[in-house]
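Labels below follow one simple rule: chain letters A, B, ... track the order of the sequence lines, proteins then strands, and each chain is numbered from 1.
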Amino acid sequence: MKESEPITPASRKSETIEPQNVKGFRDLLPRDAYRKNEIVSVIRRVYESYGFLPVETPGLEYLEILLGEYGDENTKQIFRFKSPEEQDVALRFDLTVPLARIVAQYADLPKPFKRYQVGSVWRADKPDPGRFREFTQFDVDVVGTSSQLAEAEVISAVVKSLREIGVGDFTVNVNSRRVLNAAISKAGIAPHNAKKVLRILDKFFKIGHQNVMLELTEGRIDSSGDKIPGLGLKENSATLITSVFVIALSSPGTSRKKMLDFLTEHFGEESCSDLINLDELLESLGLGSNVVRFDPTIARGLDYYTGPVFEVNLNNKPLFGSVAGGGRYDNLVSRFTGVQLPAVGFSIGVDRLLAAISSEATNANLVDVVVTIMERNKLDEYLKIAEELRAAGIRTDLYLGTEKSLRKQLQYADKLNARFAVIVGSNEFQNGMVTIKSLESGSTLASETSDRTQWLKESREKQLEIARRDLVTEMKRLVDKRKLLITLE
RNA sequence: GCUGGCGUAGCUCAGUUGGUUAGAGCACUAGAUUGUGGAUCUAGGGGUCGCAGGUUCGAAUCCCGCCGCCAGUACCA
């Protein structure tokens, strides 16, 4: 386009680029990004208190690292590319496989290796509400021990994290692959069907006994009219395996001890030994049946689990999906080294957690104070004020715009949901004073009065005019006072 | 992937059996108020009606294909 041609809105429009997200990818705007940061830092602090060590690995891995034993069925969910050198590379779909890679690659890492890692993973599934193609996992793992202390500690660390985040009541559901395998062989189900049976049983809670039976046998038609093919099991096999679970879920209640009695009776002590062991360790950690339950229908989709598997669900959002999952995977590292290195891990789905909390929208203050600017020839004074407040640990936003009217600047502060505004104009400069305006009390006032002049008058009366030298201590007092109120509520 | 529904302004939607220049509310911008965020009032900007064909004198409206979104379902290492 020639420079002489005028740029009309219409012509500009045709040249602009549509701002949009790639399907399944999303942005986090300040409010959510802030909360996510808070969640992450709480978990990090808890994990470090357990002695877990941080690692970071690249988002991109060689395709063969990720494919491994998972087989073709899952490969289509991997984002894969050609590198500039024409090598097959792919975005990681979890943090567990990269962990297996690094413990194989760096043989001198301390064993057992306790590590935590937070980062994005990518899966090319169909996006759903609360489910994206890029999401954040926060993993904690122990590699190099078959001791069930490892299970106990990762469960304990996750429980502590979720409690400190404040997600409300939740339950850690635990099962063992060995129990499931025993159940499957006892029901006379062929090994090649085992995986599919597990997937169907995993939905027991969601779709109910009847539908599980149908999916195991002739199939069913869902509420949208879609046909779901059945597995074609014989009626008695399906009855055998589901009936055990029906009893298991109803009669022993939520007591781990009773569930263990029931499971050992049906599947033998050998199949349940890891759960029996784990139960004792959990008890000594003070994690009772109200928090950690044994649920024989939990399967988890992952093929690589070999022992106990875990899943965390929020009690007040039973159909929300699990916010964390994990288990023991004793064979994963051997893919790289040929040597078996037992491991156990637990992964928190940070974005799901965020979604679960964000639906109860709260108004977090992202900024404590906005310092407004009245006198353009005294910018150094405003800078100084802002720096002093920051040095006192107050989150201070100095107004950086060029808008001169105080009205506009206060609108800006309001939009940020700041708690206070500091106003220093020519009057204040003359008297060595500053004005502190509480934006919160002003907004409660606004809901009570509809007359503008009345509102302005009253809100100005509530402003605090203090000596310039007292600003920091007074501001600090106001900010801390409010914090205390919040924790007491 | 499968089944169904829906695509009109940033958002929620209206738009008569096809008929001039496509509307409303909210949001946004400016002013009323040049030192006070709300509310109110006034004015303003913003649309190739998802995209591409077809039927027609004439299509946001009817037909076909594609794309996207939503719900259910499958899958989810």
Side-chain angles (χ1 to χ4, degrees), chain A residues 9-10 12-14 18-21 23-24 66-71 73-78 92-97 100 121 123-129 131 133 135 137 195-196 199-200 202-203 206-207 211 215 219-229 299-305 309 321-322 325-327 329 332 345 347 349 370 372-375 403-428 435 437-463:
Chain A
R12 206 179 64 230
K13 178 79 182 180
S14 63
E18 174 77 12
Q20 57 183 344
N21 291 96
K23 179 192 176 82
L66 299 184
L67 287 183
E69 66 198 51
Y70 305 115
E73 195 180 325
N74 291 315
T75 57
K76 58 186 168 220
Q77 290 177 28
I78 298 179
R92 66 184 179 208
F93 52 78
D94 71 7
L95 301 176
T96 310
V97 173
V121 301
R123 295 182 194 176
D125 306 298
K126 176 191 156 190
D128 270 325
R131 210 168 110 184
R133 288 181 160 183
F135 56 99
Q137 290 198 325
K195 209 169 114 183
K196 289 174 184 164
R199 285 194 182 137
I200 294 169
D202 198 42
K203 295 190 288 184
K206 191 178 174 191
I207 65 176
N211 288 330
E215 290 196 22
R220 68 187 180 98
I221 292 172
D222 75 23
S223 52
S224 75
D226 188 20
K227 272 183 227 156
I228 297 170
R300 305 293 303 159
L302 276 156
D303 299 341
Y304 59 47
Y305 289 130
V309 290
S322 53
Y329 49 99
L332 195 55
S347 174
V370 170
T372 59
I373 291 188
M374 309 287 297
E375 303 293 311
E403 201 69 64
K404 287 195 184 99
S405 87
L406 186 54
R407 174 186 169 81
K408 287 284 152 59
Q409 297 192 37
L410 288 176
Q411 280 177 348
Y412 166 82
D414 195 42
K415 207 162 209 172
L416 285 185
N417 202 22
R419 293 163 59 188
F420 300 97
V422 169
I423 302 169
V424 194
S426 54
N427 298 341
E428 285 88 347
T435 297
K437 183 184 182 66
S438 164
L439 297 169
E440 289 166 329
S441 68
S443 73
T444 53
L445 193 67
S447 56
E448 291 159 7
T449 60
S450 58
D451 180 61
R452 179 175 172 78
T453 50
Q454 177 73 9
W455 173 61
L456 285 179
K457 181 169 167 281
E458 284 188 30
S459 62
R460 286 187 76 148
E461 281 166 2
K462 287 196 173 173
Q463 288 173 186

Gap in Å between the two [atom1] atoms, one belonging to [N] and one to [M], rounded:
{"N": "B:A30", "M": "B:G53", "atom1": "P", "value": "41 Å"}
{"N": "B:G58", "M": "B:C66", "atom1": "P", "value": "27 Å"}
{"N": "B:G4", "M": "B:G18", "atom1": "P", "value": "26 Å"}
{"N": "B:C64", "M": "B:G47", "atom1": "P", "value": "31 Å"}
{"N": "B:C63", "M": "B:U56", "atom1": "P", "value": "16 Å"}
{"N": "B:U12", "M": "B:C28", "atom1": "C1'", "value": "16 Å"}
{"N": "B:C67", "M": "B:U55", "atom1": "C1'", "value": "23 Å"}

Grab the N/O contacts between the protein and nucleotides 66-69 of chain B below 3.5 Å, and write none if there aren't any.
unit_1 : atom_1 : unit_2 : atom_2 : d
B:C69  : OP2    : A:K23  : NZ     : 2.9

Would you say [X] and [Y] make side-chain contact, with heavy atoms under 4.5 Å?
{"X": "A:E458", "Y": "A:K462", "answer": "no"}
{"X": "A:E375", "Y": "A:S426", "answer": "yes"}
{"X": "A:Q409", "Y": "A:I373", "answer": "yes"}

Rounded distance (nearest 0.5 Å) linking atom [atom1] of [X] with atom [atom2] of [Y]:
{"X": "A:T96", "Y": "A:Q137", "atom1": "OG1", "atom2": "CD", "value": "7.0 Å"}
{"X": "A:E428", "Y": "A:M374", "atom1": "CD", "atom2": "CE", "value": "7.5 Å"}
{"X": "A:D414", "Y": "A:E440", "atom1": "CG", "atom2": "CD", "value": "11.0 Å"}
{"X": "A:F420", "Y": "A:T435", "atom1": "CZ", "atom2": "OG1", "value": "14.0 Å"}
{"X": "A:R407", "Y": "A:T372", "atom1": "CZ", "atom2": "OG1", "value": "15.0 Å"}
{"X": "A:L410", "Y": "A:K437", "atom1": "CG", "atom2": "NZ", "value": "6.5 Å"}

**Message:** Using a 3.5 Å limit on both distances, find every run of at least three consecutive Watson-Crick or G-U pairs that involves RNA chain B.
**Reply:**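 Stems found: B:1-7 with B:67-73, B:10-13 with B:23-26, B:28-32 with B:40-44.
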**Asked** Which heavy atom in A:L332 sits nearest to a heavy atom in A:A100, and how many Å separate them?
**Response**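 Heavy-atom minimum between the residues: CG-CB, 4.0 Å.
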**Item:** Non-hydrogen atoms of A:D94 and A:V97 that approach each other most closely
**Value:**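 The pair with the smallest heavy-atom distance is OD1-N, 3.1 Å.
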**Prompt:** Where along nucleotides 31-38 of chain B does protein come under 4.0 Å, by heavy atom, of base (B) or sugar-phosphate alone (S), with - for untouched nucleotides?
**Reply:** S-B-BBBB
